[in-house]
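Numbers here are sequence positions counted from 1.
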Amino acid sequence: MDSEREDLISFVESVCDEVPLRIEADLGHGFVRLRSSEAERRQAAQDIRCSEDIVLELLRNSRDAGAHRIYLALSRDEDTRRIFVLDDGEGIPSSMHKSIFEPRVTSKLDSFHKDKWGVHGRGMALYSIAVNSEHANVVSSAPGLGSVLEVQTNLKKLPEKADQSSFPHFLLQEDGSYAMRGPKNILRTAADFALEHRELCQVYCGSLTEVLSTLYYHGLDLPLTSKNITDEESTEVPLIYHLSYAADPHDFTKMAHDLGIDISERSARRIMDGTREVLKPLLQRLKEESFTQSPLLSSAQDISAEEVSRGESLN
């Protein structure tokens with residue numbers, strides 16, 4: 001159906017001057033009033049400028065869905081960037097899996113969320129991501145069972161910071177507060193979000209395999225998770241933790257595929273054998289790396305809300 005609609009649009013544009021399709025009224029003197037669809041398209045194209053913007057909007061989306069744990073899984077193959085955000089939030093009904101990427105679609109009819117990055121809840125964030133990416137979809141989600149969203153971008157069209165390996169760190173300022181420093185890459189974007197929302201949720205970030213390993217062991221820690229779990233009980237456990245039900249590596253690879261991530265049975269075996277790393281929350285890693293690398297901070301035990309400098313120092 002989508003391809004038929006695109007073919008129809010292409011046909012209309014080929015036989016008509018496309019300008020009337022984009023304007024609502026010609027006001028004269030070179031001024032026009034754009035149609036809503038054209039204004040939305042232009043706004044969406046400006047909302048997302050880089051991979052880091054996509055990551056931020058997906059994290060905000062999970063936060064607004066009430067997620068307590070958010071997992072950011074990343075991979076890059078030459079100029080293709082893949083971004084997965086998996087969470088244990090409220091989830092999305094199957095009938096809405098495609099609609100959420102349309103403009104002005106939101107679950108926040110009577111509310112919106114304003115944070116340090118601006119207003120969220122106008123129904124444009126996921127649309128903006130879809131407009132600026134090669135592929136964006138809901139891989140898996142259901143009401144009450146969390147969500148898995150995947151976005152693929154072409155880095156030639158949508159860039160990102162050249163340094164994606166440097167991890168951010170805290171530096172002690174003259175006034176006794178701490179400021180986050182480091183290149184404004186994906187890791188720092190996620191860490192900045194995790195710091196801002198440390199009372200609401202935990203954020204994990206790593207490779208596809210690292211995230212799968214973390215999900216597996218987090219699932220094992222849940223009270224309802226066991227090898228003899230029933231189908232009825234499994235409906236109470238977020239979809240992302242169903243990996244912990246895997247009976248063997250072959251079963252694990254099939255469950256990972258259902259989350260949109262393909263791995264080998266060899267990698268699955270290593271995860272189930274406990275030889276793959278389980279990720280730490282970003283803030284824990286941030287504190288450990290900051291305090292162990294700097295003699296100035298070696299005696300620090302914790303970072304309170306008052307000690308963390310806000311505003312520009314975190315940007």
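The closest side-chain heavy-atom distance from L72 to I186 is below 4.5 Å. Between S141 and V148 there is no side-chain heavy-atom pair separated by less than 4.5 Å. Looking only at side-chain heavy atoms (C-beta outward), L208 and I263 stay at 4.5 Å or farther from each other. Counting only heavy atoms from C-beta outward, the side chains of V211 and F84 never approach each other to under 4.5 Å. E288 is listed as a side-chain neighbour of K280, based on a closest heavy-atom distance under 4.5 Å. In this structure the side chain of T153 never reaches within 4.5 angstrom of the side chain of T80, judged on heavy atoms. Counting heavy atoms from C-beta on, the side chains of L239 and L86 never come closer than 4.5 Å. Between R270 and D273 the shortest side-chain heavy-atom distance does not fall below 4.5 Å.
The distance from the CD atom of E277 to the CD atom of E210 is 5.5 Å, given to the nearest 0.5 Å. In this structure, the separation between CZ on R81 and CG on L158 is 11.0 Å, given to the nearest 0.5 Å. For the atom pair NZ (K254) and CG (D248), the distance works out to 8.0 Å, reported to the nearest 0.5 Å. Here the straight-line distance linking atom CD of E196 with atom CG of L56 works out to 10.5 Å at 0.5 Å rounding. The CD atom of E134 sits 10.0 Å away from atom CG of N132, with the distance rounded to the nearest 0.5 Å. The OG atom of S133 lies 10.5 Å from the NZ atom of K157; values are rounded to the nearest 0.5 Å.
Salt bridge status for R60 with E57: present, with a side-chain N to carboxylate O gap under 4.0 Å. One finds a salt bridge joining R285 and E289 here, because a Lys/Arg side-chain nitrogen approaches an Asp/Glu carboxylate oxygen to under 4.0 Å. Salt-bridge check for E150 with R82: passed, with a basic side-chain N closer than 4.0 Å to an acidic carboxylate O.
If you look at Y241 and Y216, their ring centroids are not closer than 6.0 Å. For an aromatic pair to be called close, the ring centres must be under 6.0 Å apart, and Y71 with Y204 satisfies this.
Nearest approach of L149 to S147, heavy atoms of both residues: CD1-CB, 3.9 Å. Annotation for H250 and T253: closest pair O-OG1, 2.7 Å, computed over non-hydrogen atoms. Contact detail for L59 and A190: the closest heavy-atom pair is CD1-CA, 3.9 Å. The nearest pair of heavy atoms linking A268 to F252 is CB-CD2, 3.6 Å. The two residues A73 and S207 make their nearest non-hydrogen contact at CB-O, 4.3 Å. Contact record, E160 with C50: CA-CB, 4.5 Å, taken as the closest heavy-atom pair.
In the displayed structure, R269 atom CZ is contacted under 6.0 Å by at most 12 heavy atoms of other residues, nucleotides or ligands. Other residues, nucleotides and ligands place no more than 12 heavy atoms under 6.0 Å from the NE2 atom of H257.
Of the possible polar contacts, none joining the Y127 side chain to the I100 backbone as a donor-acceptor pair under 3.5 Å is found. A donor-acceptor contact shorter than 3.5 Å is absent between the side chain of R181 and the backbone of H169. Using modelled atom types, no side-chain atom of H97 and backbone atom of N137 make a donor-acceptor pair closer than 3.5 Å. Between the side chain of N154 and the main chain of K156, a donor-acceptor pair closer than 3.5 Å is present. Side chain of S213 to backbone of T209: no donor-acceptor contact under 3.5 angstrom is found. Proximity of a side-chain donor or acceptor of S128 to a complementary backbone N or O of I48 within less than 3.5 Å is not detected.
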Quiz item: When you look at D175 and S177, which way does the side-chain hydrogen bond (donor to acceptor under 3.5 Å, both in side chains) test go after all the steps?
Solution: CA-CA 6 Å; D175 63 359; S177 63; 2.6 Å; yes
Quiz prompt | side-chain hydrogen bond (donor to acceptor under 3.5 Å, both in side chains) between H197 and R63, worked out | solution = CA-CA 9 Å; H197 298 90; R63 173 206 63 196; 3.0 Å; yes
Practice problem: Please step through side chain to side chain contact (heavy atoms under 4.5 Å, CB included) for the pair I70 and L58, ending with a clear verdict. | Solution: CA-CA 10 Å; I70 307 173; L58 290 175; over 6 Å; no
Quiz item: Given the rule in the side-chain hydrogen bond (donor to acceptor under 3.5 Å, both in side chains) test, do D163 and S165 qualify, once you have shown the distances and angles that lead to the verdict?
Solution: CA-CA 6 Å; D163 182 0; S165 60; 3.2 Å; yes
Quiz item: Yes or no on side chain to side chain contact (heavy atoms under 4.5 Å, CB included) for L279 and C205, after CA distance, side-chain angles and deciding distance?
Solution: CA-CA 7 Å; L279 294 168; C205 181; 5.9 Å; no
Practice problem: Start with the C-alpha gap between D88 and R69, add the side-chain angles, then the distance that decides, and say whether salt bridge (charged side-chain N to carboxylate O under 4.0 Å, His left out) holds. | Solution: CA-CA 6 Å; D88 60 357; R69 282 177 171 175; 5.9 Å; no
Practice problem: Evaluate the criterion side chain to side chain contact (heavy atoms under 4.5 Å, CB included) for residue pair M180 and L195; output intermediate values, then yes/no. | Solution: CA-CA 10 Å; M180 192 184 296; L195 176 63; 3.9 Å; yes
Quiz item: What's the verdict on side chain to side chain contact (heavy atoms under 4.5 Å, CB included) for L286 and F167, showing C-alpha distance, side-chain angles and the deciding distance?
Solution: CA-CA 8 Å; L286 182 64; F167 196 80; 3.9 Å; yes
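In the hydrophobic cluster analysis, where Ile, Leu, Val, Met, Phe, Trp and Tyr join through side-chain heavy atoms closer than 4.5 angstrom, L155 is grouped apart from I54.
Each of L243, I261, L212 was evaluated against M255; a single residue qualifies, L243, per the side chain to side chain contact (heavy atoms under 4.5 Å, CB included) test.
E52 and Q164 share a side-chain donor-acceptor pair at under 3.5 Å.
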